[in-house]
Every structure is written in structure tokens, then in C-alpha cells.
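Everything below concerns the one structure shown next.
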Amino acid sequence: MSTISKPKQFGLPRLFPRPMSHYGIWSWVGTVDHKKIGTMYGIVSFFWFIMGGIEALLIRLQLSHAEANIIDPELYNQLFTMHGTTMVFLVVMPLSAAFFNWLIPLQIGARDVAFPRLNALSLWVFVFGSLLMNISWFTGGAPNGGWFGYPPNSTIQFNPGNGMTYWVMGLNVLGVASIAAGLNFIVTIINMRAPGMSFMKMPVFTWMTFITSILIVLALPILGVAGIQMTADRVYGTNFFNSEAGGDPIFWQHIFWLFGHPEVYILILPAMGIVSEILPTFSRKPLFGYSFIIFSGAGIGFMGWFVWSHHMFTVGLGPAANTAFTISTMFIAVPTGVKIFNWMATLWGGSIRLTTAMLFSIGFIAMFTIGGLSGVTHAVSPSDAQQQDTYYIVAHFHYVLFGGAIFAIFAGMFFWWPKFFGYFLSERLGKLSFILMMIGFNLQFAPMHWLGLNGMPRRIYTYADNMGWELSNLAATIGGFTIAIAVASFIVNVIYSMRNKKLAPGDPWDGRTLEWSISSPPPHYNFAKLPEVSHIDDWWYKKYPSLLEGSPKGDLTPKVKVEDTSKVNESDIHLPDLSYYPLFIGIGLSLAALGVMYTYALVTIGLILVFWGSIGWSTEPVNEPGQDHH
Amino acid sequence: MKSVIRTGIIFALLLFAMACSPDSPQSTFGTHGPVAELQKNLFLFTFWIAVVVFIIVEGGIIYLTFKYRKKDNKLPVQTHGNLKLEITWTIIPAIIIVIIAVPTVLAIWETQVMPNEEESLVVEATGHQWWFEFKYPTEEVVTANELHLPEDTDVIVKITSQDVLHSFWIPKIAGKLDMVPNHENLLYIKADDPGLYYGQCAEFCGIVHAMMRFRVIVHTQEDYQQWLNDMRTPPAKLVSGSDEDEGRKLFVGNCSMCHTYDSYKKGAYTKEIDSQYNRWEEWKKDKENSAIVSAPNLTHFGERVTLGAGIKENNYDNLVKWIENPDKIKLGTRMKNHASIYRDDNQLSTEQIEQIAKYLLSMKPSTESSATYNK
């Protein structure tokens with residue numbers, strides 16, 4: 001590095017030495033590396049996946065037979081509230097974020113995201129926000145007003161105690177993490193693509209991340225507004241939603257679903273991106289209709305803003321509003337249908353390898369289709385008046401979010417695990433997980449369609465024995481426990497594969513996109529030399545340039561090999577040093593939010609941490625002077 | 001492969017066995033009213049279209065997956081897309097959507113435009129945590145948790161809530177509509193056949209949302225008039241010193257602050273509206289300790305089919321259990337939390353509870369006297 005002295009920079013006195021090592025615990029705590037951040041996102045959100053799953057199992061246990069007395073109604077309400085909140089905000093969103101983190105820089109040929117420390121901030125705010133929400137279990141009761149938090153039932157007037165305040169403060173904090181991450185990925189994707197990678201040459205997963213990030217940046221602030229209003233209502237005595245003082249509870253529903261419906265696409269678009277990468281790889285042919293897939297994804301993201309009131313068909317908005325939202329909701333089925341047909345056409349004429357990742361991807365299309373079709377049936381608002389708030393709806397969105405998002409996330413884990421960690425997950429155990437999950441999933445959620453049509457409302461902790469609901473509920477409970485076994489088999493798979501490492505080469509699946517052009521796991525700088533891109537699926541065509549001149553004749557031997565990193569001179573590569581300031585801000589925000597409920601002393605401490613972190617962060621040099629740069 | 005197919009068939013049959021049974025009390029398929037009928041037919045119309053798409057797509061996925069399993073190392077034909085095909089499968093779903101949208105939009109307007117109020121029966125349904133109040137403003141009758149309707153009559157239900165959101169739903173007669181405080185929603189319903197129907201709250205409304213149910217009793221026209229008449233007829237006079245009479249005294253002393261029991265009197269209707277409002281205001285002032293809460297009107301309680309808002313059959317044993325400790329049947333009721341008889345210093349003896357139960361069951365229109373007034 002140069003020895004020219006720079007003007008002296010203002011800096012906060014350091015209480016702790018800046019972590020510099022790339023190994024050991026501090027390298028994780030202070031990391032700004034997108035891969036480590038992605039891994040931590042994955043571990044933490046998988047932990048919440050298990051917690052949310054346990055909540056679901058307790059719910060299923062209570063509903064397994066009529067008039068059951070296993071869980072009392074108050075706890076039951078807490079369980080379904082936290083199950084929904086956890087699965088949406090602490091599982092599917094951050095698991096998707098784990099994939100964004102790991103994959104976006106690798107797929108666009110970059111060394112990291114645009115703002116690495118902001119990325120670390122997103123992670124820590126998410127981690128402590130998720131803890132904040134869940135410590136409510138131990139401080140007098142978890143949130144019990146539903147993941148949708150409808151007032152007046154969620155107002156302080158009808159719901160005293162801190163449960164729903166934890167919920168809304170938790171969402172406020174988590175929103176910060178999501179918005180920061182969304183901005184980060186928008187900037188990263190716009191600015192840091194490898195030379196030659198125009199927008200229409202980006203991998204589909206990158207495209208879906210881009211659209212999702214835009215939705216996050218636009219939708220989460222709406223939840224933020226609603227959240228601040230609800231916080232003010234609950235803590236400072238305002239009356240936005242307090243019907244006793246003339247506040248309007250329907251107002252909440254509008255803003256919540258104006259956020260909430262784009263949120264649904266925030267949850268499903270990354271999943272669509274994942275399967276759009278896996279299907280072509282294991283069919284050994286390009287994705288059918290790349291641009292149709294991209295534009296239908298963008299179309300879904302756009303149309304998602306005009307359908308929110310279909311969550312409110314029975315609120316009494318009147319026939320004009322119901323007509324408008326019925327039609328807009330129905331037409332969102334068109335771009336979704338386009339995607340499904342394009343995926344099928346990708347399989348058509350292919351040479352299909354049924355790996356675990358491929359099985360989960362095909363399972364995704366099959367299950368998501370069912371969810372999409374039931375979605376059309378309740379876009380029909382007159383008959384939806386019978387289905388709204390029944391188990392039919394529960395069945396529908398689990399087909400979309402479990403059969404859809406979670407299946408795709410499992411597909412993604414089996415697909416990219418060798419890339420991320422350098423070894424394969426066991427295919428044999430993986431296929432077992434897939435079969436168990438497929439059976440368990442359908443056994444749990446298919447009968448819920450009948451339950452709903454037979455008039456079983458949602459969110460009831462018990463039901464009478466003469467309603468004709470017992471058999472379906474029992475089947476659903478058995479299905480739920482089958483899913484639990486499937487998830488357990490996945491955990492066993494991870495442990496087994498970690499102990500008996502079957503090492504993966506850099507390009508184990510004959511991949512198509514840039515992440516497969518480097519070694520597995522990737523070196524911490526990703527690409528020793530930034531790649532130049534000239535095609536969609538650039539790595540595929542670098543391997544098989546003859547394909548560019550039409551279909552190949554004879555054998556296919558790759559013309560290039562995965563980047564050899566053994567001779568790379570790392571001192572030529574500049575990466576930012578670690579920083580613990582994002583962690584401070586993450587802790588500080590959650591402490592301040594906790595303090596809102598208890599004492600201003602805690603708010604003060606939290607805010608001091610936030611300001612200290614912010615100032616420390618902004619005055620900290622990217623690289624410590626006098627160090628080797630990595 | 002064969003075993004896979006066999007398991008699949010057994011699995012499908014099992015699912016089918018659980019499928020929709022029109023006979024179950026809240027089935028949306030066993031309809032007894034034109035609104036539910038229209039909603040069912042519209043659902044089935046969409047459903048069968050969805051079944052066709054389902055078979056094509058799922059069949060296609062399975063077929064393609066098996067047909068194009070990897071056989072050799074040859075690279076398949078590298079198709080990138082086909083504009084004509086893709087435009088086709090953009091347009092076909094759009095056409096299907098239009099086919100579904102047309103009857104849907106017609107149905108929206110058909111079900112949501114109200115008939116003439118003058119020629120219809122108007123009922124006011126108010127949601128409370130966790131029971132339903134039903135008022136007949138023209139007939140000046142009020143009741144709770146049991147909605148009485150004449151057959152083949154246009155009914156406009158004016159729906160609102162006193163506290164949180166609830167939803168008014170009689171699956172066999174019509175789809176639901178939410179009960180929103182400070183807001184009146186209108187629902188058109190019509191019942192085709194006399195009988196007993198189930199209703200249930202469908203919007204999450206707090207701790208015992210699951211136990212907020214009601215019954216709908218559809219009468220023939222004459223029976224309905226008789227019911228109205230009964231609701232204005234006082235009960236028979238109780239024998240002084242009987243258990244029932246002792247129960248009456250206890251009831252008046254301990255329960256009548258919140259439960260009206262004499263709405264058969266002339267002018268009782270407006271009084272009941274005021275009372276419920278005052279109880280609500282009183283409770284709002286101090287939700288923890290208020291001695292008064294909104295509560296179901298118990299006029300002619302002995303005629304009711306259920307107790308606890310559609311939870312248990314209304315008989316002596318259940319009623320004694322209910323009065324002894326409502327929490328054992330329905331955890332979290334306002335009665336248990338606010339009534340003075342559940343305070344340590346003011347408890348009733350078992351005998352007193354039994355007397356109250358006997359009194360409540362004796363509350364029936366007298367067969368000797370006739371209606372105190374006629375509308």
C-alpha cells in the first residue's frame with residue numbers, strides 16, 4: 001500500500017480492537033463478507049423454522065380431535081399468531097435473504113454486495129429483532145392478536161399487556177433490516193454486474209431478487225407506517241385504530257394488506273427464481289422463454305399492488321370495490337400461469353436428472369399450481385364469502401408458501417450446498433426427505449380444503465364433535481408430524497454429510513451461471529479475476545462455445561475449467577476489513593425497542609449504542625492502515 | 001411402480017372419504033337459501049374449470065418428468081423459447097379468467113344490492129365478545145344467540161359490532177359479512193326451508209373466538225308469527241316459595257344488572273337498547289373491575305336450544321355447570337370475570353345455583369295469558 005500520509009481522519013476511540021482475522025468466532029461477529037452473512041442468515045432463520053414448526057405441531061395437536069383440552073385458548077392464540085409471524089418474517093423472508101446474500105455477488109460476478117457493512121447491519125438487526133419478538137414468551141405472554149394484528153382486538157383497550165406491543169415493535173425493527181437489505185441488493189444488482197452482463201443477461205434468480213428487493217423497499221415502509229401508528233396507539237394513547245374513540249379499524253386493514261399483498265410476492269418470487277435456475281440445469285437445456293419468465297415476474301410484482309382488498313372481501317366495502325379487486329386479483333393468475341407453462345416447457349424435451357434439488361423443484365411447480373388454482377376460486381368474491389376466514393384459505397396459502405416457497409428453498413439448499421460449503425448433502429437422505437415432505441404436506445393441507453368448505457373457521461382452538469371435521473383434522477395432524485419427520489431427516493442429512501464429507505468440485509451439476517465457474521466453497525474474494533459476460537448462462541456457453549452455433553454434434557467436453565485459485569496473489573485483491581459497528585446498531589435498536597415497553601433508561605442505552613455505532617461506522621476507514629488487504 | 005400407483009389410489013380414496021359432506025351442519029354445499037346456492041354454484045363452476053387445468057398441468061408435469069428422464073449423455077435440443085406458444089399460453093388463461101369473471105361480477109351485484117327495505121324483514125345483528133345479539137326493530141323483539149326467521153322471506157341483516165371485529169356467518173344460508181364497530185353492513189339473506197341451522201363467528205375476536213356460535217331457526221310463516229307472539233307473552237306466574245320463585249329472586253338480585261329477562265313488556269325494546277348501551281359505557285370506564293358488562297337478553301330463556309352462545313345443549317345439567325363456573329365450558333367469558341357471584345365473598349351455594357337454573361328453564365311464554373301488546 002502507498003505510504004503517502006493521508007489527512008488525519010476523525011475517529012471514535014476504540015473500546016475493542018477491530019477484528020482482523022478471517023478465522024474464528026470474531027471473524028463471524030465482525031464479518032462483512034456476504035457469504036458468511038448468508039450462512040448466518042440461513043442458520044438463524046432455520047432455527048426459527050424449527051420453532052415455527054413446533055408452534056404448528058402444538059396447534060395441530062390441539063386440533064387433532066374435537067373438544068380437545070391440550071392447549072388452552074390463550075396459549076393457542078399466541079401459538080398461531082407467532083407461527084404466522086415467525087414463518088413470514090423470521091423464516092421465509094430471511095431464508096430468501098440467505099440466498100440473496102450467498103448468490104447475488106456470485107451470480108453477477110462481484111466480490112461482495114455494494115454496501116458490505118450495511119449488509120452486516122441487516123443481519124444483526126434481523127437477529128436481534130427476532131429475539132426481541134420471541135422473548136415475549138418469557139415476559140408475560142407472546143403476541144396473541146394474529147399475524148395480521150387486526151384492531152380493535154389488538155388495541156390496548158382490548159388487548160392489554162405487552163404481547164402485541166412486542167409484536168409491533170418487533171416488526172418495526174425487522175422492517176429496518178429488510179429495507180436496508182432491499183436497498184443493498186438493488187444497488188448491488190444495478191451497479192456491480194460483471195462487464196457485459198446487461199439486464200437481459202442476468203440469471204433469473206438475480207432478476208427475481210431485483211424485483212423482490214424493489215417490492216421490499218416499497219412495501220415495508222407501509223408496514224412501518226402502520227407499525228408506528230399502532231405503537232403510538234398502544235404506548236402513547238393515540239387513537240388511529242381505537243374504535244372506542246372513533247378510530248377506524250378498517251384503516252389498519254387497508255394499510256396492512258397494502259403491505260401484505262406485495263409481501264406475498266416478496267415471499268414467492270425468490271422461490272420462483274430458485275426453481276428457474278434448477279430446472280434448466282437438470283434438464284440440460286436453457287430456461288424456456290427467459291424473457292417471458294422475467295416479464296411475468298415483473299408483472300406479478302407490479303400487479304401485486306392492486307389486489308390488496310381481496311383480503312377484505314367480507315369487510316363490507318361494497319359491490320364496486322369488490323368488483324374491482326375481484327378482476328385485478330383474477331388477472332394476476334395470468335403471469336403466474338405463464339411461468340408454470342414455461343417451466344413445464346423447460347422440462348419438455350430435456351434430459352432430466354432427478355436429483356433431490358430437481359425433485360423439490362418439480363414438487364414446487366406441482367404444489368404451487370394447486371395453490372394458484374385455489375387462489376382463483378377465492379378471487380371469485382361472491383363464493384369467497386363462504387371461504388373467507390375458513391380452513392380453505394389456510395389450505396390455499398400453505399400450498400403457496402409451503403408447497404411453493406419452502407419446497408423451493410429446500411431445492412435451493414440441495415442445489416447450492418456443494419457450492420456454498422464444498423461438499424454434497426446426501427442425495428439418498430435428501431430423496432427420503434422429499435418423499436416424506438410431499439406425503440406429509442399433502443396429508444396435512446389437502447384435507448383443509450374440505451374442512452373450509454365444510455364450514456370450519458380459522459383461528460378456532462376447538463370445535464364440536466358433531467361438525468364432521470374430525471377425520472380431516474386427524475389426517476392433517478398426522479400430516480404435520482410427517483413433515484416434522486421430513487425436516488428431522490434433513491437435519492440428520494446435514495450432520496451426516498458434514499461428518500462424511502463428499503467433497504464437491506467447483507461445478508458439480510454442470511451449471512450454467514457464474515457461481516459455478518469458481519471453486520467450491522468460493523474463496524473469500526469470490527473471483528480472482530472479474531469475469532466478462534457475453535451471454536445469458538454465460539458459464540455454460542464458455543464451457544460449450546459450440547452450442548452458440550446451433551445444436552452440438554459429438555461429445556461435449558468443457559472448453560474451460562473452474563478457476564484455479566492456488567496461484568492467486570491475494571495481496572492484489574482489496575476487500576473491506578471487518579467491523580463490529582453493525583452489531584452495535586443491531587443490538588441498540590432492539591434494546592431501544594424493548595425500552596419503549598419498560599423504561600426510558602433502556603431506550604437511552606439503546607440509542608447511545610445506535611449513535612455510537614453509526615458514528616464509529618462512518619468514521620472507520622474501510623481498510624485499517626498498515627494491514628495486508630484481503 | 002405398480003405399488004406407487006396403488007398407494008396413490010388408496011391415498012386419493014382416503015382424501016375423497018374426507019371430502020365435502022353436505023350433511024354436516026356448516027357445510028357450504030348443503031345449502032338452504034338462494035344466496036348460499038348461488039355461491040355454491042359459482043364455486044363449482046370455477047372448481048370444475050380448475051379441475052381441468054389441474055389435470056392438464058399436474059398430468060403434464062408427471063408425464064414430462066418420466067418421459068424425459070435422462071437416458072444417455074446426448075445433449076437435448078437447446079430450445080430457448082417459442083414466441084407463438086408463449087403468447088398462446090398467455091392468452092388462454094386470460095380467456096379462462098374472463099369466462100370466470102363474467103358470472104362473478106354479475107353475482108357480486110346480485111348478492112350485494114339490497115331489496116326494498118319496506119317489503120323485507122329487517123334484523124339487526126350485533127357482535128359482542130363472545131355472543132350475538134339479534135334485534136327486530138319493526139317487531140320490537142330482541143333475543144340473543146338464536147336468530148328466528150320466517151321461510152321464503154327477503155331478510156336484510158344490519159350488521160355491526162359493539163366491541164371488536166366479528167363476522168356473521170350462516171354457511172347453509174349465505175356467506176359471511178364482517179361485524180365492524182361504528183359501521184353498519186348490510187347482508188341480504190333468504191331461507192328456503194324451515195329447520196335448525198348453525199352459525200359461527202368467522203373473524204378472530206379474542207380468547208374464545210372458537211366459542212362464539214349461534215343457531216338459526218327458520219319457521220313456517222305461521223310458526224314465525226307464533227314466535228313473535230310468544231316473545232310478547234309473559235311467562236306463567238311462579239308459585240310462591242317454589243325453587244323457581246327462589247331462583248327468580250336470586251336472579252333479580254345477582255344477574256339482572258346485565259341480563260334483561262322481561263322484554264315481553266311493552267316498551268321493553270327501546271329500554272333494552274338503552275340498557276345495552278349503558279352497560280357497554282359502564283364496562284368501558286373500567287374494563288378490569290366494572291360490575292356491569294353487556295350481556296345476552298334472556299327473555300324466555302327456557303325456549304332456547306343452546307346456552308353459552310351455541311356451545312352446549314340447553315338443559316338443566318349443563319345450565320347448572322355453566323352457572324357454577326362458566327370458565328369450565330367457555331374460558332374467558334365476561335360473566336366469570338365480572339359477575340359478583342364469582343367473587344370470594346359473594347358466592348352462591350349449590351342449592352341457590354340449582355334454583356337459578358330451574359328458574360331460567362321455567363322462563364317460557366305462558367300458555368294461559370296472551371301477548372301483552374301487538375305490533
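Note on naming: letters A, B, ... go to the chains in the order of the sequence lines (proteins, then strands), and numbering restarts at 1 for each one.
- Only the side chain of B:Trp169 comes within contact range of chain A, with at least one heavy atom under 4.5 Å from a heavy atom of that chain.
- Within the 4.5 angstrom heavy-atom criterion, only backbone atoms of A:Pro151 (N, CA, C, O) approach chain B.
- In this pair, B:His80 and A:Tyr541 present their aromatic rings parallel. The plane angle is below 30°, not in the 30 to 60° band.
- For A:Arg284 (side chain) and B:Asn73 (main-chain N/O), a donor-acceptor pair under 3.5 Å exists by modelled atom type.
- If you measure heavy-atom distances from A:Thr390 to chain B, the contacts under 4.5 Å come from the side chain alone.
- Both the backbone and the side chain of A:Ile370 come within contact range of chain B, judged by heavy atoms closer than 4.5 Å.
- Of the possible donor and acceptor atoms, one in the side chain of B:Lys176 sits under 3.5 Å from a partner among the backbone N and O of A:Gln388.
- Within the 4.5 angstrom heavy-atom criterion, only side-chain atoms of A:Phe80, from C-beta onward, approach chain B.
- Using cut-offs of 30° and 60° on the angle between ring planes, the pair B:Trp283 and A:Phe158 is tilted.
- With a 4.5 Å cut-off on non-hydrogen atoms, A:Leu347 touches chain B through its backbone and its side chain both.
- Top candidate by heavy-atom pairs under 4.5 Å with chain B, chosen from A:Val334, A:Thr155, A:Asn144, is A:Val334.
- Interface summary for chain B: among A:Pro382, A:Ala320, A:Pro457, the most heavy-atom pairs under 4.5 angstrom belong to A:Pro382.
- Residues B:Thr79 and A:Lys285 have side chains in contact (heavy-atom distance under 4.5 Å, counting atoms from C-beta outward).
- Proximity to chain B (any heavy atom under 4.5 Å) is shown, for A:Trp343, by neither the backbone nor the side chain.
- Side-chain contact between A:Gln253 and B:Leu165 is present, with heavy atoms from C-beta onward closer than 4.5 Å.
- Heavy atoms of A:Phe148 lying under 4.5 Å from chain B belong exclusively to its side chain.
- Taking each heavy atom of B:Ser24 and A:Gly468 in turn, the nearest pair found is CB-CA, 4.3 Å.
- Side-chain contact between A:Met330 and B:Thr104: present, with at least one pair of heavy atoms (C-beta onward) separated by less than 4.5 Å.
- From A:Ile352, atom CD1 reaches atom NZ of B:Lys71 across 8.5 Å, with rounding to the nearest 0.5 Å.
- Ranking B:Thr65, B:Thr111, B:Ile159, B:Val208 against chain A, the residue ahead of the rest is B:Thr65, based on heavy-atom pairs under 4.5 Å.
- Chain B forms more heavy-atom pairs under 4.5 Å with one residue of A:Pro73, A:Ala333, A:Gly246 than with any other, namely A:Pro73.
- Both the backbone and the side chain of A:Ser381 have a heavy atom closer than 4.5 Å to some heavy atom of chain B.
- Side-chain contact check for A:Thr323 and B:Trp109: at least one donor-acceptor pair (N or O, by modelled atom type) lies under 3.5 Å.
- Residues B:Leu83 and A:Phe292 form a side-chain contact, since some pair of their non-hydrogen atoms from C-beta on lies under 4.5 Å apart.
- Put simply, of B:Lys67, B:Arg213, B:Met179, B:His183, the one with the most heavy-atom pairs under 4.5 Å next to chain A is B:Arg213.
- A distance-only check finds no donor-acceptor pair linking the side chain of A:Thr314 to the backbone of B:Asp178 [under 3.5 Å].
- Considering only heavy-atom pairs separated by less than 4.5 Å from chain B, the leading option among A:Trp469, A:Phe288, A:Tyr150, A:Phe331 is A:Phe288.
- The part of A:Tyr290 that comes within reach of chain B is its backbone (N, CA, C, O), which places non-hydrogen atoms under 4.5 angstrom from that chain.
- The closest donor-acceptor contact from the side chain of A:Asn153 to the backbone of B:Val164 lies at 3.5 Å or more, if one exists at all.
- Top candidate by heavy-atom pairs under 4.5 Å with chain A, chosen from B:Cys205, B:Pro93, B:Ser161, B:Gly175, is B:Gly175.
- If you measure heavy-atom distances from A:Ile340 to chain B, the contacts under 4.5 Å come from the side chain alone.
- Of the residues considered (A:Ala379, A:Pro319, A:Gly289), A:Pro319 shows the highest number of contacts with chain B, using heavy-atom pairs under 4.5 Å.
- Residue A:Gln387 touches chain B through both its backbone and its side chain, counting heavy-atom pairs closer than 4.5 Å.
- Looking at B:Tyr198 and A:Asn466, their side chains do bring a donor and an acceptor atom within 3.5 Å of each other.
- Of the listed residues B:Glu110, B:Gln112, B:Glu184, the one with more heavy-atom pairs under 4.5 angstrom with chain A than any other is B:Gln112.
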